[in-house]
Amino acid sequence: MSEATQSAVYEAVSHVEDPEVPVTLVDLGVVREVSLDGGAVRVVLRPTRLACPARGEMERRVRAAVSSVDEDLAVDVEWEMAQWRGDDVTAPGQQVLLQIGYADPVAESDACPYCGSAEVRQDGRFGGAVCKQPYTCRSCGSTFDVLRGSISTGSGAHHVR
Amino acid sequence: MSVTTANPFLDRAEDHFVHGHLLGGWIVDYIDLEESLAVGSLAQEELAHASTFLTLAGMNEAGRDAFVFERPLEQWHPTQLVAQRLHTWPATVLRGLLLSQAAVVRSTLMASSEDTTVRDAAAVLAAEQHLHVLHWERWVRLLASHERTAAEFAGCAVEVLALGGDVFGVATGSGGVEGQESAHRDWTSRVAASLAATGVDAAALGEVPVARRPATERPELVEVLSEIRSIRAGADDGVRGLYR
């Protein structure tokens, strides 16, 4: 298989968006490897949390992206059981997440993405999805989410309502 | 399918799977929307952790399905903590605390594995279960400290802790698992710390783990497993038939 095909496959996979937030899987740090060996493509993905319910849809989108380059390519999607961290998010991904109301994942900060205040309250350890923790800003009153990966977060008891 | 639970990963998968199923019952039976969302996530993660252990035991998707839906009942040996429904919220909270603390202890043991995949998975499982511990500990504090719930909580603690002695036990006749007694001690000390301010004595968990019994000796567990398997039973092969 040609280098051009390898490049085209990576290009196609790099445009696949997360089913919930308008950020590509590459920018979210979910895509860990895209390799081509002969007529077989191997894509390694890492979920934010093991129970991420979007895994099936992500996999379908990745397979469709590879097939869009050459439908004869075999696709092997492998899910890693390894830790996803906020700093796996790329700079472009970080900017989009801040704009749509997520705390800065790279800084692993829980500061308000709208006004920057650190005066925030954690409203629980689980929110609308397994990878989201709900917060309220005490300064501007906005509600927002912190993307939570699978790393230990200490006692985390200080803010919980 | 003939699989025994001599592989410790399989014991753990049973505990997480049945617990996830039982927790799911609270998703629509709680008056606080935020807590319903949280319990839904906790249940989801319990099922995912069961799947992770089955994967670590070498099972593919078909094998994981067969483990849950096709294995004879006499091969199931989950902890007594998930062998009955526990109908109250304080009992559910205590069960969640005991199981999440046990999962953290098990992850710690897995972290010394020579297998990189097991070590990586252990780090993820430990972190995710740590969050479960924090969630359940908050509820323990709330229930044990409020005058309207403290007495019920203490009563439930007696009931639930009496079920937990087999968490680090193995099925009778399947041989011992190295380190299970020290793991039991580590677990009971963690539980004691979580319950320190509540007046509940974790000594009820016992000094050494007791053996696990097969599902066939536990009628309520048989009922729960039948409920789980009903998705594959009946006309047109159950719900699965709808998605073909």
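What you see is a predicted model, and the numbers here were worked out from it, not measured in a lab. Numbers restart at 1 for each chain; the letters A, B, ... are given by sequence-line order, proteins then strands.
A 4.5 Å side-chain heavy-atom check between B:L125 and B:F53 finds at least one atom pair inside the cut-off. Using a 4.5 Å heavy-atom cutoff, the side chains of B:R106 and B:F168 are in contact.
Listed by chain and residue number, A:C115, A:E119, A:C137, A:S139 satisfy the side-chain contact (heavy atoms from CB on, under 4.5 Å) test with A:S117 (two or more places apart in sequence, or in another chain).
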Donor-acceptor contacts under 3.5 Å from residues 38-49 of chain B side chains, at least two apart:
unit_1, atom_1, unit_2, atom_2, d
B:S41, OG, B:L37, O, 3.3
B:Q44, NE2, A:A51, O, 3.2
B:E45, OE1, A:R49, NH2, 2.8
B:E45, OE1, B:H132, NE2, 2.8
B:E45, OE2, A:R49, NE, 2.8
B:E45, OE2, A:R49, NH2, 3.1
B:E46, OE1, B:H16, ND1, 3.1
B:E46, OE1, B:Q129, NE2, 2.8
B:E46, OE2, B:H16, ND1, 3.2
B:E46, OE2, B:H19, ND1, 2.8
B:H49, ND1, B:Q129, NE2, 2.9
B:H49, NE2, B:E128, OE1, 2.7

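Using a 4.5 Å cut-off between non-hydrogen atoms, the part of residues 75-82 of chain A that approaches chain B consists of A:M81, A:A82.
Using a 30° and 60° split on the angle between ring planes, B:W89 and B:W136 fall in the tilted class, from 30° to 60°.
In this structure, B:R64 forms no cation-pi arrangement with B:F67, as its terminal cationic atom is not both closer than 6.0 Å to the ring centre and no more than 45° off the ring axis.
Per-residue counts of heavy-atom pairs under 4.5 Å with chain A were compared for B:T55, B:V124, B:D120; the largest is that of B:V124.
The stretch residues 184-202 of chain B participates, sequence neighbours left out, in these salt bridge (charged side-chain N to carboxylate O under 4.0 Å, His left out) pairs: B:D186-B:R190.
Neither the backbone nor the side chain of B:S51 has a heavy atom closer than 4.5 Å to any heavy atom of chain A. In this structure, no portion of A:P134 lies under 4.5 Å from any heavy atom of chain B.
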